[in-house]
> 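Below is the structure I would like to discuss, written out as structure tokens.
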Amino acid sequence: MLMAHPAVLRNLVEQYDTLRILQAENGDAAVQQRMDDIAYTLCVSTGTRDIDAALVAARHQLPGARPQDDSVLTA
């Protein structure tokens, strides 16, 4: 599988996070359409089928990401 460049992934994740905030504030149709476009691109770029999995996969591919999430192991 081809892997997206980390800079591209970081940009897509940042855009999606920003748009999610805008969508929560005003529910604009143009914002939702852009979110859908970015979600699709993230899914294709990470080889996933839904945005939640795509965001997790993208964040794990970014520089500095921990190879294993141990957050469920800490109290």
Side-chain angles (χ1 to χ4, degrees):
M1 177 174 91
L2 293 174
M3 293 184 65
H5 191 279
V8 171
L9 288 176
R10 182 179 311 280
N11 183 287
L12 289 169
V13 169
E14 288 173 357
Q15 284 186 58
Y16 190 83
D17 289 342
T18 301
L19 290 168
R20 186 170 33 197
I21 292 167
L22 288 173
Q23 180 66 12
E25 290 177 356
N26 64 19
D28 186 16
V31 171
Q32 183 61 52
Q33 181 59 52
R34 184 65 183 141
M35 282 179 66
D36 292 344
D37 293 344
I38 292 173
Y40 174 81
T41 304
L42 276 166
C43 287
V44 169
S45 299
T46 58
T48 58
R49 292 180 181 242
D50 66 76
I51 187 58
D52 294 326
L55 289 168
V56 169
R59 288 184 174 118
H60 278 279
Q61 293 177 30
L62 295 176
R66 293 171 31 179
Q68 181 178 0
D69 181 12
D70 63 355
S71 61
V72 295
L73 302 176
T74 57

> Can you tell me how far the OH atom of Y16 sits from the CD1 atom of I21, to the nearest 0.5 Å?
12.0 Å

> Show me, pair by pair, the donor-acceptor contacts under 3.5 angstrom made by side chains of residues 49-58, not counting sequence neighbours?
from : atom 1 : to  : atom 2 : distance (Å)
D50  : OD1    : D52 : N      : 3.1
D50  : OD1    : A53 : N      : 2.9

> I need the Q15 CD to T18 OG1 distance, nearest 0.5 Å.
8.0 Å

> About how many Å separate CG of N26 and CD of Q32, when rounded to the nearest 0.5 Å?
11.0 Å

> T41 and L12: which non-hydrogen atoms are nearest, and at how many Å?
CG2-CD1, 3.7 Å

> What pairs meet the salt bridge (Lys or Arg N to Asp or Glu O under 4.0 Å) rule with one or both residues in residues 6-33, with sequence neighbours excluded?
D17-R20, D17-R59

> State, to 0.1 Å, how close L42 and T48 come at their nearest heavy-atom pair, and which atoms those are.
O-OG1, 4.4 Å

